[in-house]
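Report on the structure given below.
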Amino acid sequence: MIVHATNSTPDLHVQIGTLKLDNPVMTASGTFGYGAEFAGLLDLSRLGAIIVKGISLKPRAGNPPPRIVETACGMLNAIGLENVGLERFLVEKMPYLRQCGTRVIVNILGDTVAEYAQLAGRLAGVAGVDALEVNISCPNVDKGGVAFGAVPEMAAAVVRAVKEHAGQPVIVKLSPNVTDVALMARAVEDAGADAVSLINTLIGMAIDIHARRPKLANRTGGLSGPAVKPVALRMVWQVAQAVRIPVIGIGGIATAEDALEFVLAGASAVQVGTANFYNPRAAEEIIDGISAYLGQYQEPSLAAIVGTLRHD
Amino acid sequence: MPEFQKNYTVRRVEHFEANIVRLSLDASDIAAVARPGQFVMVACGTGQDPLLRRPFSIHSRYPDGGIQLLLRVVGRGTAMLAETAVGQQISLVGPLGKGFGIPPDGEVCLVGGGIGCAPLFFLAQWLVEQGVFPLVLLGAGSAGEHAALVPGLRDLGCAVHVSTDDGSLGHHGFVTDLLPALSGKVQKVYACGPVPMMAAVARFCGDRIACEVSLETHMACGLGACLGCAIPIPGRTDAYRHVCKHGPVFQATEVVWP
Ligand SMILES: Cc1cc2nc3c(=O)[nH]c(=O)nc-3n(C[C@H](O)[C@H](O)[C@H](O)COP(=O)(O)OP(=O)(O)OC[C@H]3O[C@@H](n4cnc5c(N)ncnc54)[C@H](O)[C@@H]3O)c2cc1C
Ligand SMILES: Cc1cc2nc3c(=O)[nH]c(=O)nc-3n(C[C@H](O)[C@H](O)[C@H](O)COP(=O)(O)O)c2cc1C
Ligand code: FES
């Protein structure tokens, strides 16, 4: 093996459609607020991108409490897509995000295909919005994600509508609560998605045996955190083999080692979710750890190792 | 307001009756900026189970520049913290949330029940620094539970009245039974403890006396990001407030009481 005598830092950049990220580590929607919440604890400008809490056309109150419960190595949430709505997002949150020195990806959700299209249209010309992530998968709201994310034709319809109106690259966020995730990935790729991200949370449940009641007011909630990582990794690996567009890995990523597993399985980039809650510095630590790994194996770039899982 | 995510060294561990533990930590940076009523998110253990940090109010700021936490063992996380040894490191994120508001001109009263008393000591320290000596009413299960707070509060110069559920010290009954005897000059009550206790204090104060309460919910982040700590807003169905960001201290009139 040739040992390069340079100490140049490895090239971490990632290309997603026309969007270029300085590094592959983004913060997952719903786990990083609108960025400002973490500004006191880490350097936002170091992040590959911030993906904001899912935005709908109108503000949503979300579900009644209790909304979260801790489970073994994970948590269930039934937030119910509480968000400030598009107009307040643009007025109250975008000015701050614009000057953070990082890429901003807006996660969108709707009740109808028309709503997704409207959101994409409204965001098309907005300065500082670098990409859209389309949540077709959130398991928490009856009328929300599940319906679109579980049926290939419906998912494709949303993606076509968003692509028609969007001014930025479109990432489609897939639900793990399906029989064949690769089929869903191909459906949204054919409909024009620039990238896919996965996984959203797995629907789960927890019960208080003394009260004989579900622990969440919503009864069921989305499982996230280290507990879901093996499932997420398997799904990312399957999808990476099924599509040609970039795949973004999400699910239980808390360390650089976790992130690298996803990269080797075929992810071009990753998102850090629940880990932000218990280690607000997680994303920064993961960026540094990926650099160190590439240096250790004398890899010139992150791109050089994407999908290099050996099967021999 | 600066926030820190750091490991701090445990300087002292004190065990009291009823599974109450006081930890002293060398968090002088947190102590320098924290306000009474603010909290820290504490990592319990170093593994992924339990996964989430636990919220604890800042119990006191002590003279050599650190902070203290007063906790009751109620489950796995608190049990792990109770086993901490002197010299060990604990990871904190904080100080977080909105603390208690400034005192009015006039008399103030602090009302605490159970482990909810924890933030009242820091509050009393801060009030005394401003020359305000609060009257403190504390309720607990039995006499031993008062050992962690009462001597310190009296040393600060506060008048302290206690109640116990078993009658082993002070008034035999609820701490809220002591409210009617309050001087008519009390301008503000700060309360913290079980929800029924705070609800009784809020009812007593009505719109005659300003009343601030400190609320608890389950929290995943403590930062305003997860939206897991939602509580209802009186008279509204279209929005919630978040205890970690808008609170944990609220005006009693901002809370939907059972
Ligand atoms: C802002 C704030 C300040 C707090 N300050 C203090 C303090 O100064 N001292 C102290 O002893 N405790 C305090 N608490 C409560 C403390 O956070 C919980 O007791 C702790 O999280 C329990 O962790 P555990 O792993 O031991 O319990 P678990 O095993 O998780 O649960 C055991 C029991 O405690 C209940 N519980 C768990 N988490 C909370 C919570 N966040 N709030 C209320 N009940 C809970 C559970 O419903 C269950 O019944 C505070 C809570 C908040 C939100
Ligand atoms: C509290 C919470 C809120 C979330 N909100 C959203 C959301 O609004 N939109 C979305 O697409 N995903 C949302 N997610 C899913 C995460 O973005 C991520 O896909 C999932 O949690 C798995 O990653 P993790 O295990 O790293 O957390 C949320 C997750 C959590 C825990
Ligand atoms: S605990 Fe996460 S928003 Fe309040």
Side-chain angles (χ1 to χ4, degrees), chain A residues 27-42 52-54 58-85 215-217 221 224-227 229 252 254-255 273-282 284, chain B residues 1-7 29-30 33 38 40-55 75-77 91-97 195 215-233 236-246 255-256:
Chain A
T27 52
S29 179
T31 67
F32 208 70
Y34 302 102
E37 292 83 349
F38 284 77
L41 295 167
L42 89 170
V52 300
K53 176 71 186 164
K58 296 272 173 295
R60 292 196 186 201
N63 288 329
R67 292 178 169 188
I68 50 172
V69 53
E70 191 181 48
T71 57
C73 300
M75 63 179 280
L76 290 166
N77 88 81
I79 305 304
L81 297 173
E82 172 180 349
N83 77 92
V84 296
K215 287 189 178 173
L216 294 170
S224 66
K229 199 189 85 180
T255 64
T274 301
N276 297 313
F277 298 158
Y278 58 91
N279 178 13
R281 270 201 305 265
E284 253 186 313
Chain B
M1 162 80 71
E3 290 165 359
F4 304 93
Q5 178 186 352
K6 275 166 75 171
N7 291 327
D29 42 13
I30 293 180
V33 296
Q38 286 193 299
V40 289
M41 293 294 284
V42 183
C44 305
T46 52
Q48 293 183 325
D49 199 21
L51 186 70
L52 302 171
R53 289 170 184 264
R54 304 296 195 248
R76 261 177 350 128
S91 169
L92 305 190
V93 171
L96 303 172
V195 170
L215 301 186
E216 293 187 3
T217 57
H218 287 261
M219 292 185 175
C221 70
L223 300 169
C226 74
L227 309 181
C229 60
I231 54 160
I233 305 174
R236 284 182 67 178
T237 51
D238 61 332
Y240 291 92
R241 282 199 186 92
H242 302 100
V243 172
C244 73
K245 207 70 193 177
H246 304 118
V255 177
V256 177

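Scope of the values below: all heavy atoms of this structure, side chains included, with no hydrogens, waters or symmetry mates. Predicted, not measured: the structure shown is a model, and the values here were computed from it.
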Picking from [options], which has the most non-hydrogen pairs under 4.5 angstrom with chain B?
| options | answer |
| --- | --- |
| A/Ala61, A/Ala39, A/Ala72, A/Gly33 | A/Ala61 |
| A/Thr71, A/Leu41, A/Thr274 | A/Leu41 |
| A/Gly40, A/Pro226, A/Gly74 | A/Pro226 |

With a 4.5 angstrom heavy-atom cut-off, could you sort out which part of [X] is near chain B: side chain, backbone, both or neither?
| X | answer |
| --- | --- |
| A/Pro64 | both |
| A/Ala227 | neither |
| A/Pro66 | neither |

Which heavy atom of [X] sits nearest to which heavy atom of [Y], and what is that distance?
| X | Y | answer |
| --- | --- | --- |
| A/Ser29 | A/Gly54 | OG-N, 3.2 Å |
| A/Asn276 | A/Phe38 | O-CE2, 3.4 Å |
| A/Glu284 | A/Leu42 | OE1-CB, 3.2 Å |
| B/Ile30 | B/Phe4 | CG1-CD1, 3.9 Å |

Nearest 0.5 angstrom please: [X] [atom1] to [Y] [atom2], how far?
| X | Y | atom1 | atom2 | result |
| --- | --- | --- | --- | --- |
| A/Ile68 | B/Thr217 | CD1 | OG1 | 7.0 Å |
| A/Glu82 | A/Lys53 | CD | NZ | 7.5 Å |
| B/Met41 | B/Leu223 | CE | CG | 7.5 Å |

Top contributor to chain A contacts, counting heavy-atom pairs under 4.5 Å, from [options]:
| options | answer |
| --- | --- |
| B/Pro2, B/Gly222, B/Ala230, B/Ala239 | B/Ala230 |
| B/Gln48, B/Arg53, B/Gln5 | B/Gln5 |
| B/Ser91, B/Ala43, B/Cys221 | B/Cys221 |

Would you check if B/His218 and A/Val69 make a side-chain contact, meaning some heavy-atom pair closer than 4.5 Å?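 Heavy-atom side-chain distance check fails, nothing below 4.5 Å.
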Please classify the contact between [X] and chain A as side chain, backbone, both or neither, with a heavy-atom cut-off of under 4.5 Å.
| X | value |
| --- | --- |
| B/Ala220 | both |
| B/Arg241 | neither |
| B/Thr237 | backbone |

